[in-house]
**Student:** 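Dropping a structure here in structure tokens format, bear with me for questions.
Order of appearance sets the numbers: ligands from 1, and atoms from 1 within every ligand. Starting from 1, each residue takes its place in the sequence as its number.
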Amino acid sequence: MSFVRIDDLTHTYTPPGRDPVPALCGIDLEIEAGEYVAIVGANGSGKTTLARHLNALLLPTSGDVWVNGHNTRDPSALRTIRAAVGMVFQSPADQIVATVVEEDVAFGPENLSVPHEELSGVVRSALERVGMWHARHRPPHLLSAGQQQRIAIAGVLAMGPRCLVCDEATSMLDPAGRRDVLCILDDLHHAGLTILSVTHSMTEAARAERVIALHQGRIALDGRPDRVFASEMLPSLGLMPPPATELGQRLRPYWPSLSPALLTADELAEALIACARAEALA
Ligand SMILES: Nc1ncnc2c1ncn2[C@@H]1O[C@H](COP(=O)(O)OP(=O)(O)OP(=O)(O)O)[C@@H](O)[C@H]1O
Ligand SMILES: [Mg+2]
């Protein structure tokens with residue numbers, strides 16, 4: 001059984017007094033437990049709408065979303081689904097609910113009725129996983145945005161989720177904050193969590209095992225990052241490959257042996273050094 005199964009999902013917003021807005025159309029999707037999936041697409045392509053269906057913040061207009069075997073339409077499964085799928089949003093400050101870090105992280109498990117004697121262990125473990133245990137007594141609003149985002153992730157981890165859904169969780173962070181959050185996502189993935197990351201950064205998306213590109217509410221591409229970023233369809237979806245992939249593609253006419261599927265600066269540098277060595281030997 002897939003961890004997430006989405007059958008023919010349609011979502012249409014109906015703002016009062018305005019025309020309905022179709023946001024998702026006929027989405028069929030399966031995500032296995034433990035996968036690391038990036039969701040990309042132009043503004044308005046439906047990424048946030050899709051992400052919010054995964055923990056029942058939104059319900060389908062038609063079709064079904066199943067999380068770990070529970071239908072998100074089933075009110076009796078809501079608690080289980082919300083505990084299984086944690087959401088991390090763009091703005092770290094908006095996710096903070098308490099005036100002391102450890103109280104903020106304890107908020108979710110307290111609501112899930114985690115027994116009092118287990119609470120401090122749960123909070124400690126969550127804060128240690130994001131490297132913020134040292135800040136447990138500090139007011140979150142005095143921390144940097146990157147540190148606040150790590151506290152937000154700890155708050156989600158404290159609820160013991162099997163899956164983390166991040167909606168542009170790094171977009172307000174500086175390079176150091178971004179790197180910290182991405183490393184935490186890598187660690188959580190290696191520890192077995194399912195990771196879904198909505199992002200406008202193709203370099204970030206390239207870290208995932210699978211990239212899904214949305215276009216006008218439909219899945220346009222779905223596959224390994226190297227395959228998706230080598231697709232000629234990308235520009236028509238309003239997307240560019242990661243900078244290293246694009247540079248590699250531009251250099252291929254001069255070095256045809258360069259792979260079209262280079263994703264990172266390190267991979268490109270290694271491939272160019274190999275080309276230069278081969279030329280020197282020729
Ligand atoms: N609450 C809402 N009411 C009405 N229309 C909405 C609402 N939220 C989103 N939409 C519309 O639904 C479509 C999909 O929006 P969504 O926010 O899912 O896109 P997105 O891919 O996350 O975009 P972005 O990259 O800008 O975050 C867009 O046309 C958007 O205008
Ligand atoms: Mg969005």
**Student:** Would you say Gly41 contacts ligand 1, with heavy atoms under 4.0 Å as the rule?
**Tutor:**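 Checking ligand 1 against Gly41, which is what was asked, there is no heavy-atom contact under 4.0 Å.
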**Student:** Does at least one non-hydrogen atom of Pro22 fall below 4.0 angstrom from an atom of ligand 1?
**Tutor:**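 The answer is no: ligand 1 sits nowhere under 4.0 Å from a heavy atom of Pro22.
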**Student:** Hey, mind stepping through Thr170 and Glu204 against side chain to side chain donor-acceptor pair (under 3.5 Å) and telling me if it holds?
**Tutor:** CA-CA 9 Å; Thr170 61; Glu204 282 186 30; 2.7 Å; yes
**Student:** Closest heavy-atom contact between Tyr13 and Ala23?
**Tutor:** CE1-CB, 3.5 Å
**Student:** State the OG1-CG distance between Thr245 and Leu268, to the nearest 0.5 angstrom.
**Tutor:**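 The CG atom of Leu268 is 8.5 Å from OG1 of Thr245, to the nearest 0.5 Å.
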**Student:** Output the list of atoms in ligand 1 that are nearer than 4.0 Å to some heavy atom of Ala42, sorted by atom number.
**Tutor:** 21 (O)
**Student:** Any N/O/S atom, side chain or main chain, of Thr49 closer to the Mg ion (ligand 2) than 2.8 Å?
**Tutor:**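 Given the 2.8 Å cut-off, Thr49 does not count as a ligand of the Mg ion (ligand 2).
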**Student:** Measuring from non-hydrogen atoms of Glu168 to any atom of ligand 1, is the shortest distance under 4.0 Å?
**Tutor:** yes
**Student:** Give a yes or no on whether atom 19 (O) of ligand 1 lies under 4.0 Å from any heavy atom of the protein.
**Tutor:** yes
**Student:** Mind checking the CG-CZ spacing from Leu196 to Arg210? Nearest 0.5 Å is all I need.
**Tutor:**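 Atom-to-atom, Leu196:CG and Arg210:CZ are 8.5 Å apart.
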**Student:** Under 4.0 angstrom from atom 30 (C) of ligand 1, is there any protein heavy atom?
**Tutor:**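 Flag for atom 30 (C) of ligand 1 set to false, no protein heavy atom closer than 4.0 Å.
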**Student:** Below 4.0 angstrom from a heavy atom of Thr49, which ligand 1 atoms are there? Numbered from 1 as shown, please.
**Tutor:** 14 (C), 15 (O), 16 (P), 18 (O)
**Student:** Please list the nearest protein heavy atom to atom 26 (O) of ligand 1 with its residue and the distance rounded to 0.1 Å.
**Tutor:**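 Closest protein heavy atom to atom 26 (O) of ligand 1: Asn43 ND2, 3.0 Å.
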**Student:** Considering non-hydrogen atoms of the protein only, which is the closest contact for atom 6 (C) of ligand 1, and what is the distance?
**Tutor:**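 The closest heavy atom on the protein side is Tyr13 CD1, 3.3 Å.
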**Student:** Mind checking whether His200 has a heavy atom under 4.0 Å from ligand 1?
**Tutor:**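 Under 4.0 Å: yes for His200.
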**Student:** Considering distance alone, does some N or O of Gly44 sit under 3.5 Å from an N or O of ligand 1?
**Tutor:** yes
**Student:** Considering non-hydrogen atoms of the protein only, which is the closest contact for atom 17 (O) of ligand 1, and what is the distance?
**Tutor:** Thr48 CB, 3.8 Å
**Student:** Could you say whether the N/O atoms of Val21 and ligand 1 ever approach to under 3.5 Å?
**Tutor:** no
**Student:** In terms of atom number and element, which parts of ligand 1 are under 4.0 angstrom from non-hydrogen atoms of Gly46?
**Tutor:**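 Atoms satisfying the 4.0 Å criterion: 14 (C), 18 (O), 19 (O), 20 (P), 21 (O).
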**Student:** Working note: Arg129 + Leu188, criterion side-chain contact (heavy atoms from CB on, under 4.5 Å); need CA distance, chi angles, decisive distance, verdict.
**Tutor:** CA-CA 9 Å; Arg129 284 178 99 172; Leu188 295 174; 3.6 Å; yes
**Student:** Please name the residue in the list Asp186, Val88, Ile153 that meets the side-chain contact (heavy atoms from CB on, under 4.5 Å) test with Val181.
**Tutor:**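 In the set Asp186, Val88, Ile153, the residue that makes a side-chain contact (heavy atoms from CB on, under 4.5 Å) with Val181 is Ile153.
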**Student:** Look at Glu168 together with Lys47 and state whether they make a salt bridge at an N to O cut-off of under 4.0 Å.
**Tutor:** no
**Student:** Working note: Asp28 + Asp8, criterion side-chain contact (heavy atoms from CB on, under 4.5 Å); need CA distance, chi angles, decisive distance, verdict.
**Tutor:** CA-CA 5 Å; Asp28 289 313; Asp8 201 15; 4.0 Å; yes
**Student:** Do Ser45 and ligand 1 have an N or O pair less than 3.5 Å apart?
**Tutor:**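 N/O-N/O distance below 3.5 Å exists for this pair.
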**Student:** May I ask you to identify the nearest protein heavy atom to atom 21 (O) of ligand 1, giving residue, atom name and distance to one decimal place in Å?
**Tutor:**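 Here the nearest protein heavy atom works out to Lys47 NZ, 2.7 Å.
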**Student:** Kindly indicate, with the supporting measurements, whether the criterion side-chain contact (heavy atoms from CB on, under 4.5 Å) is fulfilled by His189 and Glu209.
**Tutor:** CA-CA 10 Å; His189 172 230; Glu209 298 166 313; 3.4 Å; yes
**Student:** When you measure from the side chain of Arg277 to the backbone N and O of Ala274, does any donor-acceptor pair fall under 3.5 Å?
**Tutor:**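 The answer is no, because no donor-acceptor pair under 3.5 Å joins these two groups.
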